[in-house]
2 protein chains.
Amino acid sequence: MNKDNPRHEVFGAMQSFGVNSVMFRNAIGKKLGLNITDIGCLNYMLIKTKSTPGELSRYTGLTSGATTSMLDRLEKLRFIRRVPNPKDRRGTMIELQPEARSMILPFLAGAQAAQQELLKEFSDDELEIVTRFVNSFSTSIQDQTDQIDL
Amino acid sequence: MNKDNPRHEVFGAMQSFGVNSVMFRNAIGKKLGLNITDIGCLNYMLIKTKSTPGELSRYTGLTSGATTSMLDRLEKLRFIRRVPNPKDRRGTMIELQPEARSMILPFLAGAQAAQQELLKEFSDDELEIVTRFVNSFSTSIQDQTDQIDL
DNA sequence: TCTTGAATATCAAGTATCTTGATAATACAG
DNA sequence: CTGTATTATCAAGATACTTGATATTCAAGA
């Protein structure tokens, strides 16, 4: 039970990262005058670019009704846009508006610059290891979420 | 601009991890009948064990008033407990109740088992690299959050 | 010491958001 | 085609959040 064992430390590091990235997006949301739900949704849309109300409902943990009104708010603010889904006429595709990106990017610029600096400290081989670990970890959590949702 | 370059992929991996871990805790929160705010707070408490209303307010992005009523809810459910802070008589320390851990741990058991399996795929040296990267990344985000909050 | 300004957390009133349950349109399986 | 499931929306009521005021304590300086 050695505390210096990397087999234990890596989980704590991942947890802290999760906490810190939530705090980061909350801080940006506050600057933009958005509530916690809405900035959470935008964060997701920045990563995925396209989504659907159903998927966003699962991500945010909201009911379908609350998701509708969240999307109403974000659409009125021109952050996102509802587009008909040609594959399924019941469904709606959600797209991030280009203006949304340009509203948010200024807040991310500093972080991105800092991250580029950080990258210099690691070799390609090392980054490949990190990516492989994080992706496996991420997939594992995804599987476990599906287990719980059953 | 090679897409297979690990220098690009690692950020996407970290982002996906952030998204997936949020969805994971939301799923657990739903099972426990907790709202999104409250499970977010408990997630933080599981990591930190002890905190304060002020710190939780910053993490959740809530105002102090909303933090008070969140803590009222969690205290009534016996997930947390308010304890006077001997170092500062204005302040209150928030402690996770042992019962809270035993309520939540069953939902984490499967994930923890899967993560132990995952660990076997990596050497100590590799995990040391991952930990170093994630910790640096995490600290960097923390710094950027402070910049925004100014 | 005494005073002033900042930081802690709480409370009450008003506002915003979320849940519930119902509805409509479409998809899909038998 | 028929019945059931899935998708998203809406309206009403319940819940949670923000704002602004308050009380207590701390920390720094006269």
Side-chain angles (χ1 to χ4, degrees), chain A residues 22-23 25-27 29-45 50-77 79-95 146 149-150, chain B residues 22-23 25-27 29-45 50-77 79-95 146 149-150:
Chain A
V22 167
M23 291 180 82
R25 68 163 174 66
N26 283 352
K30 195 139 283 181
K31 285 287 174 183
L32 289 170
L34 294 169
N35 68 39
I36 298 163
T37 301
D38 295 0
I39 189 63
C41 175
L42 283 181
N43 178 47
Y44 189 84
M45 290 301 300
K50 286 193 179 182
S51 187
T52 64
E55 190 181 26
L56 290 167
S57 165
R58 284 185 290 279
Y59 170 61
T60 57
L62 295 175
T63 59
S64 59
T67 303
T68 296
S69 60
M70 171 188 77
L71 292 172
D72 288 345
R73 291 193 299 272
L74 290 173
E75 192 168 40
K76 193 156 72 178
L77 293 169
F79 280 112
I80 60 104
R81 178 169 78 133
R82 285 177 168 100
V83 177
N85 183 349
K87 307 279 180 190
D88 183 343
R89 286 191 296 173
R90 293 167 304 181
T92 305
M93 297 295 300
I94 306 298
E95 289 181 0
D146 295 340
D149 277 331
L150 290 180
Chain B
V22 167
M23 290 180 82
R25 68 163 174 67
N26 283 351
K30 195 138 281 181
K31 286 286 174 186
L32 290 170
L34 294 169
N35 68 39
I36 299 161
T37 302
D38 295 1
I39 189 64
C41 174
L42 282 181
N43 178 47
Y44 189 83
M45 290 302 298
K50 288 192 179 182
S51 187
T52 64
E55 191 182 25
L56 290 167
S57 166
R58 283 184 290 279
Y59 170 61
T60 57
L62 296 175
T63 59
S64 58
T67 303
T68 295
S69 61
M70 171 188 76
L71 292 172
D72 289 345
R73 290 193 298 271
L74 290 173
E75 193 168 39
K76 193 155 73 176
L77 293 169
F79 281 112
I80 60 102
R81 177 169 79 132
R82 286 178 168 97
V83 177
N85 182 349
K87 306 280 181 191
D88 182 343
R89 287 190 295 174
R90 292 168 305 183
T92 305
M93 297 295 301
I94 305 299
E95 289 181 1
D146 294 342
D149 276 331
L150 291 181

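These values consider heavy atoms only, across backbone and side chains, with no hydrogens, waters or symmetry-generated copies. Below, read A as the first sequence line, B as the second, and so on, with proteins coming before strands; counting in each chain starts at 1.
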| task | Determine to 10° how strongly the helix from dT1(C)-dA30(D) to dG30(C)-dC1(D) is bent, judged from the axes of its five-pair ends. | result |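 The angle separating the two end axes equals 50°.
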| Reading nucleotides 17-30 of chain C from the 5' end, what letters show protein touch, with B for base, S for backbone sugar-phosphate only, - for no heavy atom under 4.0 Å? | SSBB----BBS---
Kindly compute the distance separating [atom1] ([X]) from [atom2] ([Y]), expressed to the nearest 0.5 Å.
| X | Y | atom1 | atom2 | result |
| --- | --- | --- | --- | --- |
| Ile80(A) | Leu71(A) | CD1 | CG | 5.0 Å |
| Arg73(A) | Asn35(A) | CZ | CG | 5.0 Å |
| Cys41(A) | Ile94(A) | SG | CD1 | 8.0 Å |

| message | Taking any heavy-atom pair under 4.0 Å as a contact, classify Thr68(A): base, sugar-phosphate, or nothing. | response | base
| When all nucleic acid strands are considered with a 4.0 Å heavy-atom cut-off, which category describes Thr52(A): base, sugar-phosphate, or nothing? |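 Contact class for Thr52(A): sugar-phosphate only.
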Nearest whole Å is fine: how far is [N] [atom2] from [X] [atom1]?
| X | N | atom1 | atom2 | value |
| --- | --- | --- | --- | --- |
| Leu56(B) | dC17(D) | CG | P | 13 Å |
| Leu71(A) | dA8(D) | CG | C1' | 10 Å |
| Arg81(A) | dA8(D) | CZ | P | 17 Å |
| Glu55(A) | dT7(D) | CD | P | 11 Å |
| Leu34(A) | dC17(D) | CG | P | 17 Å |

| task | Not counting sequence neighbours, list each pair that qualifies as a side chain to side chain donor-acceptor pair (under 3.5 Å) and has a residue in residues 79-95 of chain B. | result |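 Those involving residues 79-95 of chain B are Asp72(B)-Arg82(B), Glu75(B)-Arg82(B), Arg81(B)-Glu95(B), Asp88(B)-Arg90(B).
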| query | Side chain of Lys30(A), backbone of Gly61(B): donor and acceptor closer than 3.5 Å? | reply | yes
| request: May I ask you to decide if Arg58(A)'s main-chain N or O and Asn26(B)'s side chain share a donor-acceptor pair within less than 3.5 Å? | output: no
| Looking only at heavy atoms, which two atoms of Tyr44(A) and Ser51(A) are closest? And how far apart? |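 The answer is CE2-OG, 3.8 Å.
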| field | Side chain proximity check, Phe79(A) to Asp38(A), heavy atoms < 4.5 angstrom | value |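 SC-SC contact between Phe79(A) and Asp38(A) ruled out.
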